[in-house]
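Chain letters run A, B, ... following the sequence lines, proteins first, then strands; residues in each count from 1. Excluded from the calculations below are hydrogen atoms, water molecules and symmetry mates; all remaining heavy atoms, backbone and side chain alike, are included.
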Amino acid sequence: MERHHNSAMRTPLNSVAVQRRSKTKSYRLSYRSGIGAASRLGFTPGLTARRLNTSRKAPKSNKITEKVTKEQLALLVKTEWKLSYVTPLYQFRHTQLKSYSRQLSAFIAAEKQQGLAVDVEGTQNHFRVSFSLVQEMTESVDDAVTVLIQIHSKPLIARQDEPQRPVWSGWLTCINGNPEYLRSLPKDFICLPLFCSSEAGGLTSLVKSWFQQSFDCCFGPLEISHTSLQWLMALWTNCQPESSIRQLKMIWTLPVEPQLQVTYTVDAEDAWQLWSSVRKENTAGEGEENSIDIEEVMSFMQGLKGHFFRHFRLDLSAGRLNEVSTALGSAKHSGRIKFSNSKYMITTLMLLTECALLKMPI
Amino acid sequence: MDESKKRLVQRLIRRIPTKMLKTTLEKWGHLTGEQQRAMDSIQSKWALTESLLAICEENELAVKHLTKLEMIYMMDNPDQGMWYAFQLTDPGDDAQSVDLMQFKEQFKSHLRELVRQVSVKIKKHTDEAVWIRIAWGDTYSRPDHLKPTYVVHYLQTPYVFVTRLTSKQKPMLFQAMILSTRYQYSKDANLSGRNLTAIRDLLMRKYQQVFPIKYPSPLTERKQTVTNPHVEREQAKPAANRLQMACEAFGGGTLPQLQSAVYKLETKFRDHTNTLMMEREEPFRCVVKFSSTNLLESLKNCASSGIASTPVTPLLSSITLKGKNYFVITDNGPGPSSQMRQTQN
């Protein structure tokens, strides 16, 4: 059986995978292409081509606002999340959330007792952890339901009038994950490859440690590659007719001494005009969404760089694109994302889930 | 004690770093030897505030003495806050012969005519700069010493540098300025930055300028990197040329420390491979901001390392040649933008 082979192959790989966290090379690694059992038997990480999808559907708005509750959405937008990838969780059950909440609280309390510094104001507080599900934030039937974790601090003197804001929150999600990969996982594994955490140093590492201990998984940093940043630029600009992006801002850094930062901000309408001018004539049928190809994205970027070059005779390719932002959100190369508008979150999350899955060691 | 005096003392102690306080107080000269020694021995800001308040009581010091202290500190440490450069234009016949005493009297009287309640202090700095501190009030309130405007002007030059100024205060300040300096108009020089010395040096060309010369000179590269001798020999001439052109555009030696330059582009999108965009009538609007701890140094290195093509485009070299760091570039604009019509890709 395939599954049998997989679980046998899986165990020695984790140690190898941990080393291969190099920044750009991992995106070229092998992604299963559904050839069949033969490709999965031998562990050949570098051979078959594995890369981001070269074409994507244009983003649709507001599916998410219809289904996910307002309170939960409010927690997810307007915060800058730090991204990591997670390997599949062993024996994680969506039905045991209450128990997990208690276990994580206890774990944090125990670590604090041991003297691990937790950088939150009022260190005498106890922490209350709550796990919850964000129902309906999935795209395909194979996606596992998103899990949201919040940590509140419980002051010793309870103050009723103060609304409890979490001191830390994080969520695990899988949006439109590759179905072949998801179906190939053995029964006991749940795949929620994208982990978003609000920065709070100590608490993030505690939560990660607990997950690693409890579900035999592995966390790693997820950077947003140049290609993904370009995708986001194009996908967000594509939304301009429906919902104004206000401006398209790119931040580049050039490798000179002292470092030069270039902030290139394009008006929303002009960015949209340039983007539509590079779209190919699409012969999609009635009612079908047009898909966007990587070539169009790259032409868009070339157009922007060319306009810059014609004025300053300075080639932006010599530098690095660090950040992209519009009124819909912002993304940083270092692995940080912010959703400013919940309407187009799903498409962005689809892209990020793909990036996270590319980092999977198998 | 007067509330406003107290707040002024608090503000001063907060702003002046402890290590500068000693010299600033000495220059101020309103403390007895004993009081000075007492202040020197205190470390905490709170204690310093209390001590200075007590001394003010003892020596019967007024607000004007405290503003003098602030001015001494600002004159010695001008490279903080934001400074904006302005230029006076159309000088009258006697603009060059305005002397300091004349300027002082006239400026004070003109400003007092325009603004009923205003407190003006004028001092001359060692480097010929005239420093003016203005605390603004209006018909109903006394001058606000917590939000002063500092103005620096070099007599015999048309340049004026100003710190914070509201849109109401600006016309009055410049009216007084042009009347007392015998110019006709004032305009925004489109140059701003944190270092007064840097923007002054840039505008008044007080940095090491490098001029084009007929024969390439042996300007030495500062960083010596170890490379293949063949490559070095081949690259020596192009590298020397790039460095020469970079220095011509931005200057040699230590460059004035600018933090940013902003270009508002309103030019058409000219890319022959993209016919749809070429047909557009409207300009492609975007804003480009360059920032760095030392912008001119960064740009010079871009040019000398080849990241920016040489000869340096007029858009970038205008920063030094025109002494500006805010530009609006249109297709009809002078010089730089019309040259941008070359559609290289």
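For chain A, the nearby part of B:Leu316 is the side chain; its heavy atoms alone come within less than 4.5 Å. Within the 4.5 angstrom heavy-atom criterion, no atom of B:Lys264 approaches chain A. With a 4.5 Å cut-off on non-hydrogen atoms, A:Gln259 touches chain B through its backbone but not through its side chain. Both the backbone and the side chain of A:Leu274 come within contact range of chain B, each with at least one heavy atom under 4.5 Å from a heavy atom of that chain. Only the side chain of A:Glu269 comes within contact range of chain B, with heavy atoms under 4.5 Å apart. For chain A, the nearby part of B:Asn274 is the side chain; its heavy atoms alone come within less than 4.5 Å.
Minimum heavy-atom separation, B:Phe269 to A:Gly303: CZ-O, 3.5 Å. Closest approach of B:Phe284 and A:Ala271 over heavy atoms only: CE1-N, 4.5 Å.
Per-residue counts of heavy-atom pairs under 4.5 Å with chain B were compared for A:Leu254, A:Leu314, A:Thr263; the largest is that of A:Thr263. Contacts with chain A were tallied for B:Leu265, B:Val287, B:Val262; B:Val287 has the most, counting heavy-atom pairs under 4.5 Å.
Contact of the A:Asp270 side chain with the B:Arg280 side chain is registered, since non-hydrogen atoms from C-beta on lie closer than 4.5 Å. Counting heavy atoms from C-beta on, the side chains of A:His307 and B:Thr267 come closer than 4.5 Å.
Within the structure, the ring pair (Phe, Tyr, Trp, His ring centres under 6.0 Å) test picks out no pair touching residues 239-259 of chain A (sequence neighbours left out).
Summarising the geometry, atom CZ belonging to A:Phe312 is positioned 4.5 Å from atom CZ belonging to B:Phe290; distances are rounded to the nearest 0.5 Å. In this structure, OG on B:Ser292 lies 9.0 Å from CD on A:Glu257, to the nearest 0.5 angstrom.
Checking A:Arg313, A:Arg310, A:His311 one by one against B:Thr313, the side chain to side chain contact (heavy atoms under 4.5 Å, CB included) holds for a single residue, A:Arg313.
Residue B:Lys324 qualifies as enclosed at atom NZ: its count of foreign heavy atoms under 6.0 Å is above 12. For B:Lys170, the NZ atom is loosely surrounded, since the number of other residues' heavy atoms within 6.0 Å does not exceed 12.
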